[in-house]
Number of protein chains: 2
Amino acid sequence: MSKAAIPSQLDTTILAETFRLLGDPTRLRILFFCLDEPRSVGDIAASLDLSQSLVSHHLRLLRGARLVRGNRQAKQIFYELADKHVSDMLVDMAHHVCEEQADD
Amino acid sequence: MSKAAIPSQLDTTILAETFRLLGDPTRLRILFFCLDEPRSVGDIAASLDLSQSLVSHHLRLLRGARLVRGNRQAKQIFYELADKHVSDMLVDMAHHVCEEQADD
DNA sequence: CAAACACATCAGTACGTGTTCATATGTATG
DNA sequence: CATACATATGAACACGTACTGATGTGTTTG
């Protein structure tokens, strides 16, 4: 019990599913872009130089995994990270990758 | 500076590469299995019911990303997580996924 | 040195997935 | 109601990749 508990195979699958979604550069860029404040789909597409369709497709996947949530505001829909959980995770990871680089 | 720094596109790609590797159930199971103590390839294959070839393939990828490191001990090679960084990350994520489930 | 064991590597295949283009849905405005 | 705008969805394609089976490399032991 001193050591970390090894997740069940089911938990591992769920965890892997989340990692898999984070494992795409385009999706990660979208997530980081929505980290500080909610962003409209058009804003995401324009700022990240992506097609509107592509952004929508990725947001669909991220929504399905409860990683982001969107609020309609008139014609636009503003997406933000689903909860502090997700954003903390991203921020931590961003820090880790910086240390990794300094380490190598 | 109060907000989290958004990683550069290069950093994002590197980070995504790591997430992508973690985004496979088989690889995650291997990592968690090697979390507490170094494990030989044969042990991993037998305990996780995977072919030796498959385990070796995944270990190759994990090695390439500096997520694990292997030490030869006579005929066997024992793999363990590369550093505390990686293991902390896995443990944190495992906790998160548990909370997520409780949340939903 | 030869045989046996542990692990790595090499093709090959089946499948998933990121992207694009075209089209549909929903929403405000005249 | 028709038009324009913002987003979502569907089909199709190109590519990557997880897995298998056979073979190669390295290490001990007789």
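In what follows, chains are A, B, ... by sequence order, proteins preceding strands, each numbered from 1.
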Once you round it to whole Å, what is the distance between [atom2] of [N] and [atom1] of [X]?
X	N	atom1	atom2	result
A:Asp24	D:dT17	CG	C1'	14 Å
A:Ile30	D:dA8	CD1	P	11 Å
B:Leu22	D:dA18	CG	P	12 Å
A:Asn71	D:dT7	CG	P	13 Å
B:Leu62	D:dT17	CG	P	14 Å
A:Arg27	C:dT19	CZ	C1'	12 Å

Which heavy atom in [X] sits nearest to a heavy atom in [Y], and how many Å separate them?
X	Y	result
B:Arg39	B:Phe33	NE-O, 3.0 Å
B:Leu48	B:Arg29	O-NH2, 3.0 Å
A:Ala65	A:Leu21	CB-CD1, 3.2 Å
B:Leu22	B:Leu28	O-CG, 3.2 Å

Sugar-phosphate only, base, or nothing, as touched by B:Ile44 at under 4.0 Å among non-hydrogen atoms: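 It contacts nothing in the nucleic acid.
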Per-nucleotide protein contact string for nucleotides 5-16 of chain C, where B marks a base within reach and S marks sugar-phosphate only (heavy atoms under 4.0 Å, - for neither): BSBBBB------
A:Lys84 backbone acceptor or donor facing A:Ser87 side chain under 3.5 Å: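 Looks like yes, one N/O pair under 3.5 Å.
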Side-chain donor or acceptor of B:Ser47 paired with backbone N/O of B:Asp43 under 3.5 Å: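 Yes.
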